[in-house]
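These numbers were taken from a predicted model, which means no experiment stands behind them. Chain letters run A, B, ... following the sequence lines, proteins first, then strands; residues in each count from 1. Heavy atoms only: backbone and side chains are in, while hydrogens, waters and symmetry mates are out.
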Protein chains: 4
Amino acid sequence: MAGGTKRLPRAVREQQMLDAAVEVFSERGFHETSMDVIAQRAEISKPMLYLYYGSKDELFAACIQREGQRFAEAFTIVGDPHLAPREQLRKAIEVFLGFVAENRSSWMVLYRQAVGQQVFMGQVQSTRDRLIELTAGLLEHSTREPMPDQDFHMMAVALVGAGEAVADRVAGGEVTPDFAVDLLESLAWRGLSGKKKGE
Amino acid sequence: MAGGTKRLPRAVREQQMLDAAVEVFSERGFHETSMDVIAQRAEISKPMLYLYYGSKDELFAACIQREGQRFAEAFTIVGDPHLAPREQLRKAIEVFLGFVAENRSSWMVLYRQAVGQQVFMGQVQSTRDRLIELTAGLLEHSTREPMPDQDFHMMAVALVGAGEAVADRVAGGEVTPDFAVDLLESLAWRGLSGKKKGE
Amino acid sequence: MAGGTKRLPRAVREQQMLDAAVEVFSERGFHETSMDVIAQRAEISKPMLYLYYGSKDELFAACIQREGQRFAEAFTIVGDPHLAPREQLRKAIEVFLGFVAENRSSWMVLYRQAVGQQVFMGQVQSTRDRLIELTAGLLEHSTREPMPDQDFHMMAVALVGAGEAVADRVAGGEVTPDFAVDLLESLAWRGLSGKKKGE
Amino acid sequence: MAGGTKRLPRAVREQQMLDAAVEVFSERGFHETSMDVIAQRAEISKPMLYLYYGSKDELFAACIQREGQRFAEAFTIVGDPHLAPREQLRKAIEVFLGFVAENRSSWMVLYRQAVGQQVFMGQVQSTRDRLIELTAGLLEHSTREPMPDQDFHMMAVALVGAGEAVADRVAGGEVTPDFAVDLLESLAWRGLSGKKKGE
DNA sequence: AATGAATGAGTTTTCATTCAT
DNA sequence: AATGAATGAAAACTCATTCAT
């Protein structure tokens with residue numbers, strides 16, 4: 001009878017909770033965040049959190065999961081076979097940095113939070129691996145240079161690493177996504193030898 | 001039977017403690033590590049830890065500090081003016097990955113641990129920044145392409161990011177340092193356009 | 001076997017905890033009392049104490065607060081304007097010593113505990129000050145002697161001090177409240193010059 | 001050979017330590033004071049403290065002891081049989097408040113510190129008792145009113161209580177010793193009925 | 001005579017987690 | 001379906017106290 005005790009369908013509640021969790025985790029970090037605070041933010045009681053997610057770890061995992069999902073989905077467009085591989089690579093970089101720029105508070109921080117929590121490293125790595133494989137594939141189709149797969153893979157590792165580093169700066173507002181895209185693309189294709197600003 | 005409860009001079013104990021701390025922190029992560037465990041590993045009592053380092057945070061900071069120091073020192077060789085800038089860059093990459101390969105359990109993990117602990121980000125960033133500036137300088141002297149400083153800086157950010165990503169793989173034993181050095185150098189100079197294995 | 005682990009409404013538990021806390025603090029003193037012991041005495045778990053009161057200091061403050069409150073309330077009767085000032089003063093002394101006699105284990109000891117704990121001195125002094133002002137007012141209206149306010153105030157300080165000292169003896173069972181009331185009243189009015197027992 | 005390690009005769013060291021201890025205890029309170037700090041202040045090592053005083057409690061006891069002694073000694077003058085009893089009482093009040101005024105940082109605080117530490121209450125009480133007996137004796141010889149000893153004793157309790165309360169104000173600088181002496185003497189002899197300022 | 005080095009034993013405090021309603 | 005009430009378990013930190021030199 002008292003106000004505020006709504007009966008909501010499960011799916012809605014779940015999202016409401018994840019929203020709150022992502023928010024708080026991203027603001028304060030995993031360990032600094034207590035279940036109390038998440039419950040408060042989600043405007044539900046702690047037992048509800050446990051009913052739906054079982055434990056703090058599982059809740060955090062669910063957060064990474066969902067955000068990773070959204071991230072991955074952003075890349076579906078890249079596979080467009082109408083585009084030349086080079087175009088696809090550029091597109092991929094755009095999508096990546098674009099996503100980061102628009103979701104800094106949620107994804108970037110979750111990402112940076114999850115890294116360093118041994119327990120979740122696996123999940124992060126798996127999201128990252130998907131990105132690396134995607135990149136490796138694009139590289140392979142974009143160049144005539146014949147290289148062993150292994151090389152493409154490691155090159156993709158390096159490029160994604162570069163991308164993440166730059167993404168941090170984008171998220172921090174230190175560079176514009178546009179500038180960063182050019183820079184990364186240029187790095188990928190020509191390294192220092194051919195970088196020409198704005199070209 | 002265990003190593004003996006000797007009276008050691010302060011300086012020695014300090015290092016002994018840091019050794020243990022670096023070890024445990026690197027194995028379990030900052031939050032998952034209790035002072036109790038560090039004390040056990042160092043074969044001393046908890047109060048000593050506090051006597052010497054004041055708090056868990058300060059102890060961890062001291063770890064980062066020392067390892068960062070060692071890391072930085074490894075680079076002193078790079079400044080050698082007898083070498084051409086390109087040689088210097090290659091040398092720097094070698095040093096970087098070499099250090100990581102030989103200190104995986106301590107530095108790499110500390111590095112990865114410290115990131116994501118808001119409080120220590122500053123310290124990590126400052127070590128990283130030194131590396132970035134060093135790199136930016138090398139880039140600037142290695143190319144004839146005229147670019148704004150800002151561009152060199154961001155390019156260095158990207159390269160260091162790539163280096164860190166590759167370093168993770170080196171630390172994980174997935175690639176040899178040699179291979180990784182070639183790859184990074186190649187990326188830096190020619191990007192994909194000119195990568196030729198073993199060249 | 002022990003009193004039962006029931007779910008009690010907040011307000012009830014709060015009092016239960018304060019009761020236990022006052023008891024233990026009064027028996028052992030502030031510093032000698034651990035939260036563990038209070039929790040045991042209250043038959044609840046330590047986290048509850050923290051949930052309700054936040055910290056040991058705050059809990060102790062709450063104790064002083066509540067007991068000070070009860071003490072102050074005992075004096076409401078004194079303000080009765082139907083009584084002559086002299087009657088009021090006597091009444092006040094009666095109330096004061098009566099309260100102490102009946103609440104020795106809680107108030108007197110808290111009072112004596114709180115003094116000497118720098119942090120809580122303020123709170124004690126403020127309760128004491130109320131008493132002093134009350135007394136000063138009564139003195140002022142009870143005598144024809146014109147004196148500066150300052151004098152009444154300091155005289156009240158002295159009388160309250162005398163009252164506290166005697167109260168200690170009352171609390172210790174060394175004198176009866178009745179005897180003590182006569183003595184204090186006599187001291188207040190005539191000093192040694194006119195003390196006549198039972199007059 | 002290094003400076004500062006003097007060999008001092010036992011008696012000197014003892015006083016040096018007590019001086020430091022009284023100082024620190026009075027500044028910070030018993031529980032808030034650590035042996036470390038006392039040792040530092042005394043410019044000796046902690047083991048010395050233990051060698052000389054055995055334990056923190058014993059050290060504090062020694063502090064009270066010494067200060068109580070000094071206090072008691074101040075009263076030797078009072079016993080002067082050349083003076084009339086009334087004069088002696090006035091003198092006693094003067095001595096008491098004078099002592100407090102000049103030793104506030106040491107004695108007053110120790111006094112206020114010791115009260116409330118159950119363990120030392122006994123010692124404080126015994127110093128206080130000496131004062132009360134002294135006072136009771138003076139009262140008995142100062143008045144013609146015949147009263148049971150018990151009455152004199154309790155009257156002395158009250159007066160000493162008043163004295164202590166006023167002493168606090170003197171120590172706090174809220175009143176001058178002179179004013180306070182008049183007030184207390186007046187209270188003792190005439191109560192409110194006859195107080196005449198400056199008379 | 002004197003001390004730097006070392007610790008056992010507690011204390012407060014904080015959470016993730018679960019009943020009982 | 002939902003929650004206020006409750007706790008077990010552990011972590012950081014402190015201090016009086018004692019060796020070994």
Side-chain angles (χ1 to χ4, degrees), chain A residues 2 4-10 13 31-39 43-59, chain B residues 5-10 12-14 31-39 43-59, chain C residues 5-10 12-13 31-39 43-59, chain D residues 2 4-10 13 31-39 43-60:
Chain A
T5 311
K6 305 257 185 62
R7 307 279 166 118
L8 295 180
R10 178 150 194 132
R13 268 278 143 88
H31 278 287
E32 283 66 28
T33 296
S34 74
M35 293 297 264
D36 269 286
V37 175
I38 297 175
E43 296 186 85
I44 46 125
S45 71
K46 245 190 308 177
M48 281 299 277
L49 273 183
Y50 281 89
L51 188 60
Y52 278 69
Y53 290 100
S55 77
K56 189 187 179 182
D57 277 27
E58 285 173 272
L59 175 57
Chain B
T5 310
K6 306 269 180 54
R7 305 275 157 137
L8 297 179
R10 185 158 189 127
V12 176
R13 269 281 136 90
E14 265 169 3
H31 279 289
E32 283 68 25
T33 297
S34 76
M35 293 298 263
D36 273 283
V37 175
I38 297 175
E43 298 187 81
I44 47 127
S45 70
K46 227 186 329 170
M48 286 253 70
L49 280 181
Y50 282 91
L51 191 58
Y52 280 65
Y53 291 101
S55 75
K56 189 184 177 183
D57 276 31
E58 283 173 278
L59 175 56
Chain C
T5 310
K6 303 271 181 51
R7 305 275 157 138
L8 297 180
R10 185 155 189 130
V12 176
R13 269 282 136 89
H31 279 289
E32 283 68 24
T33 297
S34 75
M35 292 299 262
D36 273 284
V37 175
I38 297 175
E43 296 187 85
I44 47 126
S45 69
K46 230 186 326 170
M48 285 253 68
L49 281 180
Y50 282 90
L51 191 58
Y52 280 65
Y53 290 101
S55 76
K56 190 184 177 184
D57 275 31
E58 284 172 279
L59 175 56
Chain D
T5 309
K6 307 255 185 58
R7 305 279 165 122
L8 296 179
R10 179 154 191 128
R13 267 280 143 90
H31 278 288
E32 283 66 28
T33 296
S34 73
M35 293 297 264
D36 269 285
V37 176
I38 297 174
E43 298 186 83
I44 47 125
S45 70
K46 243 188 310 176
M48 280 301 275
L49 273 184
Y50 281 89
L51 188 61
Y52 279 68
Y53 291 101
S55 76
K56 188 184 178 185
D57 276 28
E58 285 172 274
L59 175 56
F60 189 65

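Rounding to whole angstrom units, NE2 of residue His31(C) and C1' of dA16(F) are separated by 15 Å. Residue Tyr53(D) contributes atom OH, which lies 18 Å from atom C1' of dT17(F) at whole-angstrom precision. Spacing between atom CG of Leu51(B) and atom P of dG8(E) amounts to 15 Å, rounded to whole angstrom units.
Tyr52(B) comes within 4.0 angstrom of the backbone, heavy atoms only, and of no base. Within 4.0 Å of Met35(B), counting heavy atoms only, lie sugar-phosphate atoms of the nucleic acid but no base atom. Contact annotation for Asp36(A): no contact, since no heavy-atom pair falls under 4.0 Å across all strands.
Taking only side-chain atoms of Leu8(C), from C-beta outward, the nucleotide of dA16(E), dT3(E), dA6(F) with the closest atom is dA6(F). Side-chain atoms of Arg10(B) lie closest to dA5(E) of the nucleotides dT17(E), dA5(E), dA6(F). Proximity note for Tyr50(D) (side chain, C-beta onward) versus dA11(F), dT11(E), dT17(F): the nearest is dT17(F).
If you find the closest nucleotide of DNA chain F to Ile44(C) and to Asp57(D), the one lying nearer the 5' end belongs to Ile44(C). Comparing Gly54(C) and Glu32(C) against DNA chain E, the residue whose closest nucleotide sits nearer the 5' end is Glu32(C). The residue among Pro47(C) and Thr33(C) whose nearest nucleotide of DNA chain E lies closer to the 5′ end is Thr33(C).
In a base pair of the Watson-Crick type (N1 to N3 plus N6-O4 or O6-N4) or a G-U wobble (N1-O2 and O6-N3), with each distance short of 3.5 Å, dG8(E) is matched with dC15(F). With both pairing distances under 3.5 Å, dT21(F) is matched to dA2(E) as a Watson-Crick or G-U wobble pair.
Judged by atom type and distance alone, Lys46(D) reaches the base of dT17(F) through a side-chain donor-acceptor pair under 3.5 Å.
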